Amino acid sequence: MAYAGNKKYVKKVNGKTVRYGDKRYSISPGTKKGDSYCARSAGQMKKSPSAAKNPNSPLRLSRKKWKCSGSKSRRSA
């Protein structure tokens, strides 16, 4: 995974490039902002079961970056 300045997050997965996130957002796991994101994205996972099943979907990759566990964001260890 690479992050360079104002570029979006990019990850090579099975030979495909996956981009996700907005360059204006900062990722802060374990905060109220993180909890809000995780709660919102948990609802998106319920609405979109195909994205929820695919481990390389932008939704799943973003939830991993935010360290989402259910509807809460975990603080870094």
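Just so you know, these numbers come straight off a predicted model, no measurement behind them.
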Taking only residues two or more places apart in sequence or in another chain, which ones pass side-chain contact (heavy atoms from CB on, under 4.5 Å) with [X]?
X: Ser69; answer: Arg74
X: Ser36; answer: Arg40
X: Ala39; answer: Ser71

Do you know the tightest heavy-atom contact between [X] and [Y]?
X: Thr31; Y: Ser28; result: OG1-O, 2.7 Å
X: Met45; Y: Arg60; result: CE-CD, 3.9 Å
X: Ser73; Y: Pro29; result: OG-CA, 3.3 Å
X: Leu61; Y: Asn56; result: CD1-O, 3.6 Å

Exercise for the section: Sorted by first residue and then second, give each disulfide bond (SG atoms under 2.5 Å apart) pair with at least one member in residues 29-67; sequence neighbours left out. Expected result: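 Residue pairs with at least one partner in residues 29-67: Cys38-Cys68.
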Exercise for the section: Go through the structure and list residues passing side chain to side chain donor-acceptor pair (under 3.5 Å) with Lys72, not counting sequence neighbours. Expected result: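 Checked Lys72 against side chain to side chain donor-acceptor pair (under 3.5 Å); zero matches.
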Handout entry: All side chain to side chain donor-acceptor pair (under 3.5 Å) counterparts of Arg63, not counting sequence neighbours
Key =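 Testing Arg63 for side chain to side chain donor-acceptor pair (under 3.5 Å), a comparison that skips the adjacent residues, returns Ser41.
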Handout entry: Pairs meeting criterion ring pair (Phe, Tyr, Trp, His ring centres under 6.0 Å) with involvement of residues 49-71, two or more places apart
Key =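 For residues 49-71, and leaving out neighbouring residues, the ring pair (Phe, Tyr, Trp, His ring centres under 6.0 Å) pairs sorted by first residue read Tyr37-Trp66.
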Practice task
Just grab all the ring pair (Phe, Tyr, Trp, His ring centres under 6.0 Å) pairs involving residues 38-57, residues at least two apart or on different chains.
Solution key: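 Found none.
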